[in-house]
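Just below is one structure, and these are the notes that go with it.
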Amino acid sequence: MQPTLQQRCTKIYQRLHARYRLPASMLEWHNPWELLVATVLAAQCTDARVNMVTPVFFRRWPGPAELSTAPVAEVEQMVRSTGFFRQKAKNLVATARIIVHEYDGRVPETMAELLTLPGVARKTANIVLSNAFHKHEGIAVDTHVRRLSFRLGLTISTNPTIIERDMMQLFPREQWGEINHLLVLYGREICRARKPLCSECVLEDLCPRNGVVG
DNA sequence: ATCCCGAGGG
DNA sequence: CCCTCTGGAT
């Protein structure tokens, strides 16, 4: 008797939760603004690299007020090593200006408002909402969540919006924030993009690769 | 679909 | 060389 999709998700959560207990992002931050900046910089970049940049960044520009008047060229050099540096610098300065002028200098706390910021889509907004404000409006779908949800047969889509909708159906809301961290950690350690360590996998009996009906 | 973009691993 | 890293806008 094959387990249902829901039953598999329950087991996936239980096993990864047991493995990682209270998982957190490796990004280093001290307030919502720092988490927002770090998450924008994390696009197509490792957390370790972001963490090399952000301490210097926040010493130079501690908050949105300081960044809003910074020369974009100087910001570009600061974030250069994270890749996509022209886009990220331009978006971060523009975001700082919007937060200063439209939100009284504070990072907005709703999905709709966060999505108005340049360079911020649902993935970044979900990370900020769940981690900085403890609001779980959705599930952050990044490269790891996309790869693992597909491999585990939790979605047949490669579209992040559809993947998020599928995942929201499969996991209870109180797990939405944590499931992102669990899948990211497991994706980095075991279910890696390049050479997944299937022989060490604790989800082996739940994976379509081993005959479980997707 | 394509572009943005540097750094590290293999 | 190629692939990947907690994406987003056009």
Side-chain angles (χ1 to χ4, degrees), chain A residues 16 19-20 22-29 32 34-54 56-57 72-96 98 108 111-133 136-152 154-155 157-168 171 175-197:
Chain A
L16 295 184
R19 184 184 185 89
Y20 296 113
L22 295 174
S25 166
M26 277 174 54
L27 289 178
E28 292 160 12
W29 55 280
E34 289 194 5
L35 178 59
L36 175 59
V37 172
T39 306
V40 168
L41 291 179
Q44 299 295 290
C45 178
T46 60
D47 287 353
R49 172 64 53 186
V50 174
N51 290 337
M52 289 183 221
V53 168
T54 46
V56 188
F57 186 106
V72 175
E74 192 183 342
V75 181
E76 286 181 357
Q77 291 315 303
M78 179 73 76
V79 304
R80 192 175 197 287
S81 68
T82 67
F84 298 162
F85 66 94
R86 293 186 186 88
Q87 310 264 2
K88 287 174 180 176
K90 179 176 151 199
N91 285 336
L92 285 174
V93 171
T95 286
I98 293 171
M111 174 65 75
E113 290 172 329
L114 285 167
L115 292 180
T116 68
L117 304 174
V120 176
R122 289 193 62 91
K123 185 266 176 180
T124 299
N126 275 322
I127 292 291
V128 171
L129 285 172
S130 65
N131 293 283
F133 299 127
H136 305 295
E137 294 196 27
I139 298 174
V141 177
D142 50 59
T143 183
H144 294 293
V145 173
R146 185 168 71 172
R147 182 177 68 254
L148 267 70
S149 60
F150 188 80
R151 283 182 179 170
L152 287 166
L154 308 186
T155 183
S157 176
T158 57
N159 179 321
T161 304
I162 297 178
I163 294 174
E164 183 181 359
R165 194 195 60 199
D166 290 344
M167 301 280 281
M168 289 166 73
F171 293 91
Q175 295 175 3
W176 288 0
E178 189 183 350
I179 196 67
N180 167 270
H181 293 308
L182 293 173
L183 294 180
V184 169
L185 289 171
Y186 201 65
R188 277 206 281 252
E189 187 185 356
I190 303 294
C191 197
R192 305 187 299 203
R194 201 95 61 106
K195 289 189 320 184
L197 305 178

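A, B, ... follow the sequence lines: proteins, then strands. Residue 1 opens every chain.
- Look at R49(A) and you won't find any side-chain N or O under 4.0 angstrom from OP1 or OP2 of dG6(B).
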- Query: Under the side chain to side chain contact (heavy atoms under 4.5 Å, CB included) criterion, do E189(A) and R19(A) qualify, and how do the steps go?
  - Reply: CA-CA 12 Å; E189(A) 187 185 356; R19(A) 184 184 185 89; 3.0 Å; yes

Heavy-atom contacts, protein to nucleotides 2-10 of chain C, under 4.0 Å, summarised as B (base), S (sugar-phosphate only) or - (none) per nt, yield -BSBBBSS-

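- Here the closest heavy-atom approach between residue F150(A) and residue S157(A) is recorded as CD1-O, 4.0 Å.
- R147(A) places a side-chain N or O within 3.5 Å of a backbone atom of C191(A) that can act as its donor or acceptor partner.
- The list of salt bridge (Lys or Arg N to Asp or Glu O under 4.0 Å) pairs with a residue in residues 73-83 of chain A, not counting sequence neighbours, reads R60(A)-E74(A).
- For the pair R80(A) CZ and dG6(B) P, the computed distance is 5 Å after rounding to whole Å.
- Rounded to whole Å, atom P of dG6(B) lies 10 Å from atom CD of Q77(A).
- Comparing the C1' positions of dG8(B) and dG8(C) gives a spacing of 23 Å, expressed to the nearest Å.
- Between F85(A) atom CZ and dC3(B) atom P the separation is 18 Å, expressed in whole Å.
- A pairwise comparison of heavy atoms in A125(A) and L115(A) identifies CB-CD2, 4.2 Å as the closest pair.
- Using atom C1' as the reference point in both dA9(C) and dA7(B), the two lie 23 Å apart (nearest Å).
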(request) Could you give me the CA-CA distance, side-chain angles and deciding distance for E164(A) and K123(A), then say whether side chain to side chain contact (heavy atoms under 4.5 Å, CB included) is met? (result) CA-CA 9 Å; E164(A) 183 181 359; K123(A) 185 266 176 180; over 6 Å; no

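- As rounded to the nearest Å, dC5(C) and dC5(B) have C1' atoms that lie 12 Å from one another.
- Separation of the P atoms belonging to dT2(B) and dT6(C) is 25 Å when rounded to the nearest angstrom.
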